[in-house]
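Heads up: the structure comes next, in structure tokens.
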Amino acid sequence: MKIFEEIESEVRSYARAFPRLFDKAQGELIYDDDGNQYIDFLAGAGSLNYGHNHPIFKEKLIEYIQRDGITQGLDLHTRAKGEFLESFNENILKPRDLEYVVMFTGPTGTNAVEAALKIARKKTGRENIISFTNGWHGQSLGALSVTGNSTHRGGAGIALHGSTRIPYDGYLGDDFDTTNLLDKMLSDSSSGVDKPAAVIVETVQGEGGINAASMNWLQSLSEICKRHDVLLIVDDIQAGCGRTGTFFSFEEAGIYPDIVTLSKSLSGYGLPFAIVLMKPEVDQWSPGEHNGTFRGNNHAFVTAKAAIDHFWKDDKFAKEVQRKGQYIADRVDAIVAKYGEGNFNSHGRGMFRGINCVSGELAGQITRKCFQNGLIIETSGADDHVVKFLCPLTITDENLKKGIDILEKAIKEVCDKADSIPEEKDFFEGDYSVSDEASKSDTFEPASKKVAS
């Protein structure tokens, strides 16, 4: 462990939460150098939806390497890339009636987001991008400009321009449809919001606290984008590849985004791989206008094809994910009803779920206690107050139950020792101090009434 403290940058984060030397992993289990076993509810921050070292993917990859298959292909035509495209088209796009051009970007999610923003601006000739409160889209400058988290935005070192932030679904309370606000602002030439090139949205906000948009809200957002001739970008980097119960997280809403970004679990094996999907008319690139050296990771093409062929040729796997997602939801609902003095609540969809513990301190104590008992699980949200489920979709029922049992025990122990459980602040319902004149005014209404009206 000494070498990491000596020469690795202070920027490391997960290593601080889980200070062990990890050596091997298989499925949903990971082992440290001393042979201790942990159930992995982090799964490479959602990049291991099919678990560690899936045996079928591993066999295909080893076979490919042993025959000296191309490793790095830039954007050359290779057999591995062609076979991935054929499988993706036949098993993912066509069954969903999606007609997309596939763009291979640099290998990370933020690369895909950068390309999506760039092509949206090129296609429309407009600069502004509508993004959402608590949204998370990556760490490079363009992606940071549409990311909500102030800590990460502050790390940019410069002002971030080109984006207008709009409240996400539920941000202004359950009774306020924020797409109506967006529609009004885009319709009003005096709103101060420049007509955007695109709207970028996560259907479930992963790093923002596992906030899940309703299907009605997503449908309304899509219609508003069409009405105002604005492109809709769905960032499916963390919510996609089956996490919510369907391959794309927007399928249940029945919408057809203009642009979709994918990465994380796309390779199936944790290998760096990202793509941008766009409607053919959006594909306005000139040859070489946007490129990147490592957009030809053929090892990732091999394992991505294996993942699609094995899991997505029919709906059996999706139904299994939905079944496990319902089990997680039921367990989580029971936990928040039992602990936290009624102040905890559950967020999410499918196997993408979180427990809002209100306090980042409490959530941190819970995840640390989980780690002591053999469960790796992390937090998300602006204040790290949400305990976040990202277990592999392939996890066995036995280990899924065991992992949640460990979590429930940790929550009980932490809550039993806590002096009190803080209540979540409701900005739209509470006491407001106003002057006597204002309190007597016939026109004054508390903010809660204004929001609900």
Side-chain angles (χ1 to χ4, degrees), residues 13-14 17 41-43 45-47 108-110 112-113 116-117 129-140 142-156 160 163-174 176 178-179 181-182 199-215 217-218 221 232-240 243-244 249-250 253 260-264 332 344-360 362-364 367 377-390 424-427:
S13 61
Y14 291 114
F41 270 32
L42 176 60
S47 63
T108 69
T110 197
V113 169
L117 300 179
I129 304 290
I130 298 294
S131 58
F132 292 93
T133 51
N134 288 310
W136 172 271
H137 300 285
Q139 294 278 26
S140 51
L144 272 180
S145 73
V146 292
T147 289
N149 187 287
S150 61
T151 298
H152 292 280
R153 288 171 58 81
L160 298 167
S163 173
T164 300
R165 205 92 46 211
I166 294 293
Y168 191 72
D169 190 19
Y171 190 82
L172 296 179
D174 293 338
F176 193 103
T178 59
T179 61
L181 174 63
L182 174 61
V199 169
I200 186 167
V201 66
E202 302 158 276
T203 68
V204 182
Q205 295 183 321
E207 300 307 311
I210 323 297
N211 308 307
S214 71
M215 298 305 113
W217 189 88
L218 291 170
L221 180 64
L232 176 60
I233 304 170
V234 170
D235 181 342
D236 235 9
I237 289 166
Q238 193 162 145
R243 176 59 54 181
T244 64
S249 70
F250 55 82
V260 181
T261 59
L262 288 173
S263 184
K264 284 201 182 281
V332 166
F344 292 177
N345 56 72
S346 169
H347 293 171
R349 182 155 59 91
M351 291 182 71
F352 201 8
R353 191 157 290 275
I355 297 176
N356 178 6
C357 300
V358 184
S359 160
L362 282 178
T367 57
I377 191 168
E378 254 290 19
T379 57
S380 73
D383 299 312
D384 292 319
H385 57 288
V386 177
V387 177
K388 177 181 180 182
F389 287 70
L390 275 179
E424 189 169 18
K425 186 174 182 179
D426 188 339
F427 287 89

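Computed from heavy atoms alone, side chains included, the values below leave out hydrogens, waters and symmetry copies. In this text, all values refer to a predicted model and were calculated from it rather than measured experimentally.
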Ring pair (Phe, Tyr, Trp, His ring centres under 6.0 Å) filter on Phe352, not counting sequence neighbours, yields none
Side chain to side chain contact (heavy atoms under 4.5 Å, CB included) evaluation trace for Arg165 with Ser131
CA-CA 5 Å; Arg165 205 92 46 211; Ser131 58; 2.8 Å; yes
Gln238 meets the side-chain hydrogen bond (donor to acceptor under 3.5 Å, both in side chains) criterion, sequence neighbours left out, with Glu207, Lys388
Under 3.5 Å, is there a donor-acceptor pair between the Ser145 and Ser163 side chains?
no
Check: Thr367/Thr379 side-chain N/O donor and acceptor closer than 3.5 Å:
no
With a 4.5 Å limit on heavy-atom distance, are the side chains of Val201 and Val234 in contact?
yes
Should Phe250 and Thr244 count as side-chain neighbours, where that means a heavy-atom distance under 4.5 Å?
no
For [X] versus [Y], what's the shortest heavy-atom pair and its separation?
{"X": "Gly354", "Y": "Val332", "result": "O-CG1, 4.5 Å"}
{"X": "Ala156", "Y": "Leu160", "result": "CB-CD2, 3.9 Å"}
{"X": "Val113", "Y": "Ala143", "result": "CG1-CB, 3.9 Å"}
{"X": "Thr110", "Y": "Ser140", "result": "OG1-OG, 2.6 Å"}
{"X": "Tyr168", "Y": "Thr133", "result": "N-OG1, 3.0 Å"}
{"X": "Ala112", "Y": "Thr261", "result": "O-CG2, 3.7 Å"}

Looking at [Y], is its backbone amide N or carbonyl O close enough to the side chain of [X] to form a donor-acceptor pair, meaning the two atoms are under 3.5 Å apart?
{"X": "His347", "Y": "Asn356", "value": "no"}
{"X": "Lys264", "Y": "Ala45", "value": "yes"}
{"X": "Arg243", "Y": "Met351", "value": "yes"}
{"X": "Asn149", "Y": "Thr151", "value": "yes"}
{"X": "Ser214", "Y": "Trp217", "value": "yes"}

Determine whether Arg349 and Ser249 satisfy the following criterion, side chain to side chain contact (heavy atoms under 4.5 Å, CB included), listing intermediate values before the conclusion.
CA-CA 9 Å; Arg349 182 155 59 91; Ser249 70; 4.1 Å; yes
Worked check of side chain to side chain contact (heavy atoms under 4.5 Å, CB included) between Asn211 and Phe132
CA-CA 11 Å; Asn211 308 307; Phe132 292 93; over 6 Å; no
Tyr171 and Ile166: side chain to side chain contact (heavy atoms under 4.5 Å, CB included), yes or no, with the steps?
CA-CA 9 Å; Tyr171 190 82; Ile166 294 293; over 6 Å; no
Spatial distance of atom [atom1] ([X]) from atom [atom2] ([Y]) [nearest 0.5 Å]:
{"X": "Tyr14", "Y": "Glu378", "atom1": "OH", "atom2": "CD", "value": "6.0 Å"}
{"X": "Ile355", "Y": "Ser346", "atom1": "CD1", "atom2": "OG", "value": "7.0 Å"}
{"X": "Asn134", "Y": "Ile210", "atom1": "CG", "atom2": "CD1", "value": "11.0 Å"}
{"X": "Leu221", "Y": "Asp169", "atom1": "CG", "atom2": "CG", "value": "9.5 Å"}
{"X": "Ile129", "Y": "Thr164", "atom1": "CD1", "atom2": "OG1", "value": "9.5 Å"}
{"X": "Gln139", "Y": "Thr147", "atom1": "CD", "atom2": "OG1", "value": "7.5 Å"}

